[in-house]
Student: 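Let me begin by handing over the structure; questions about it come next.
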Amino acid sequence: YLIRKEGTDAWWKLPIESFLTPAVLKSFGKDFPHQCIRRDDTLDVWFDSGTSWATVLDEVDGVADVYIEGNDQHRGWFQSSLLTSVASQGVAPFKSVITHGFVMDENNQKMSKSVGNVVNPKDVIEGNKRKKFSAHGADVARLWAAGSDYYKDISVGPNIMKQFQENFRKIRNTLRYMSSNLHDFSFREDRIRYNNLLDVDKYVLHLLYTYIEQVDEAYNTYTFPTVVRHLNTICATDLSAMYFNISKDRLYCHREFSTERRACQTILYYCLHQILKSLAPILPHLAEEIIEHHEPREMESIFYTKEWIKSEFIWENPEVAERWEVIKGLKQAINHCISTVDHTHKINQPLDAYISLTLPKGEIFNIFKFLQKDLVSNNSQLNDAISTSQTTIIRRDPEMVHSLDLETPDSVAHSNVFLKHPNFVEEVPLRIDIAKPTNAKCERCWKYISLDDNIGLCLRCFDIIWDYNERRNIVIDPEKQTKPR
């Protein structure tokens, strides 16, 4: 009680009688001051530290969840704690033990004041021009600590911290993108049920389900570098590089209250909330920043919430994941084919082109048809998945797919590749043809599907703007008032 109230200095600053019970004091009688001597020597450093469990663990039945110290303590504090606890109460004073290495400089050299290579945490957080440290802030320092393999010796230096600063920037930008696109979304009123989501939405929920399971296990086993690795992957690869790119057309160009747009916002909501909770132990300031600026104000401060990451069973969908493994292989092949197009054609990305996919009947063909019902489409899920202006699916016999007889006059580049389905060993031949668009570019969605150069909009975008203006009684330019046919 005294140590808890006064701290460890109580032994030196409190009178001796404070440490004795009334019965002991009474037994000494009048000779008390002369019979008790306050000693300031140490019985044994390992015995003193090894019995610390007896003082600080009484509220948890004498057993801590974790003992953590450097790897030089296997025969020191860890052992003395174990021996004294087992000898006196028959159990270990800990449920698990974590040992860590030591911090080295950027060249893996031991830090020494005489050498001058000691890194002060304050330099990492606030910056130090003399030591070439930029001001990274506390969260980047925490990200470095969590992302480093602490089981062994780890390094720190200006170049290493720049890498973690870049990772932090990508994570923050991903969260900002999701938060900013939820400004007009209410989860209670606007969310879309699972069965009404698009296929790519279900795929992202499958990835989120996998992420939650992996991160939860990593936290429980104290493998924090695994947490950071999965966090980087879902933010930079699964969301920023894949999902945001595929869904931005319906997020920005569909009708404000359309099911497709609300479905995308539903996914962003799930991802934002779960990722924020998962990173809060490592990046609390970033998590709180997003929560404070998020509209509508639906999230509780991470310093007060008792909720932890949680997935829904329905999100796990291996069948959807298999389809999108094929689509990711297709996107890589298309991007490579686009890179071979002569620059004079001004096709720098799939959106600048019409793409034809020729392949035989089979499982991969069925995936393409599942995502695009019509053979030619500019608004199918497959078309959005490969981010092009128009997609054409052509079925041919396997031996004809890579044949020269399929050369088309409007093709400016083509590529003969093989796609692999996760469940089959045999690869499927695929021909990719890149063609220049025959229609004008829509000024709103940037797809080359506008039928009228004067209007500058595709039929979908024209209808959306027309309805928007009518609802607000806005007069459209008379020269552009005629609907495209």
Student: If only side-chain N and O atoms count, and only distance matters, is there a donor-acceptor pair under 3.5 Å linking Thr99 with Glu69?
Tutor: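 Side-chain D/A pair, Glu69 to Thr99: absent.
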Student: Kindly list each side-chain donor-acceptor pair under 3.5 angstrom involving residues 225-242, sequence neighbours excluded, with atom names and distances?
Tutor:
unit_1, atom_1, unit_2, atom_2, d
His230, ND1, Gln214, OE1, 3.2
Asn232, ND2, Val228, O, 3.3
Thr233, OG1, Arg229, O, 3.0
Ser240, OG, Thr174, OG1, 2.9
Ser240, OG, Cys235, O, 2.9

Student: Any donor-acceptor pair under 3.5 Å linking the side-chain atoms of Asn335 with those of Gln349?
Tutor: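 No - no donor-acceptor pair under 3.5 Å links their side chains.
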Student: NZ of Lys248: more than 12 outside heavy atoms within 6.0 angstrom?
Tutor: no
Student: Please determine whether a side-chain nitrogen of the Lys or Arg among Lys420 and Glu325 lies less than 4.0 Å from a carboxylate oxygen of the Asp or Glu.
Tutor: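 Judged by the 4.0 Å cut-off on N to carboxylate O distance, Lys420 and Glu325 do not form a salt bridge.
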Student: How about Arg176: does its CZ atom have over 12 heavy atoms from other parts shown lying under 6.0 Å from it?
Tutor: no
Student: Are Tyr211 and Ser278 close enough that a side-chain donor and a side-chain acceptor fall under 3.5 Å?
Tutor: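 Judged by distance alone, the side chains do pair up.
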Student: Is it true that the side chains of His285 and Arg142 contain a donor and an acceptor less than 3.5 Å apart?
Tutor: no
Student: Give me the ring orientation class for Tyr203 and His206: parallel if the planes are under 30° apart, tilted from 30 to 60°, perpendicular past 60°.
Tutor: parallel
Student: Does CD in Glu217 sit with more than 12 non-hydrogen atoms of other residues, nucleotides or ligands closer than 6.0 Å?
Tutor: no
Student: Hey, are Gln109 and Asn117 close enough side-chain-wise for a donor-acceptor pair under 3.5 Å?
Tutor: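 There is no such pair (donor and acceptor under 3.5 Å, judged by atom type) between the side chains of Asn117 and Gln109.
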Student: Could you tell me if Lys202 sits above the aromatic ring of Trp315, with its cationic atom closer than 6.0 Å to the ring centre and no more than 45 degrees from the axis?
Tutor: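 No, a cation-pi geometry is absent between Lys202 and Trp315.
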Student: Is atom NZ of Lys162 surrounded by more than 12 heavy atoms (other residues, nucleotides or ligands) closer than 6.0 Å?
Tutor: no
Student: Can we say Asp199 and Arg323 salt-bridge, meaning some charged N sits less than 4.0 Å from an Asp/Glu carboxylate O?
Tutor: yes
Student: Can Lys447 and Asp352 be counted as an ion pair, charged N to O under 4.0 angstrom?
Tutor: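 No, no charged N to carboxylate O under 4.0 Å.
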Student: Strictly by modelled atom types, are Tyr243 and Asp201 linked by a side-chain donor-acceptor pair under 3.5 Å?
Tutor: yes
Student: Quick check: Trp53 with Phe94 (ring centres under 6.0 Å apart)?
Tutor: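 Between Trp53 and Phe94, which both carry aromatic rings, the centre distance is not below 6.0 Å.
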Student: So Trp77 and Tyr67, ring-ring contact (aromatic ring centres under 6.0 Å, His included) or not? Walk me through it.
Tutor: CA-CA 10 Å; Trp77 183 52; Tyr67 263 40; 4.5 Å; yes
Student: My understanding is that only one of Val118, Val156, Asn128 makes a side-chain contact (heavy atoms from CB on, under 4.5 Å) with Asp123; could you say which?
Tutor: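 That would be Asn128.
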Student: Check this for me: does any side-chain nitrogen of one of Arg255 and Asp467 sit under 4.0 Å from a carboxylate oxygen of the other?
Tutor: yes
Student: Are a donor atom and an acceptor atom from the side chains of Asn245 and Ser387 found within less than 3.5 Å of each other?
Tutor: yes
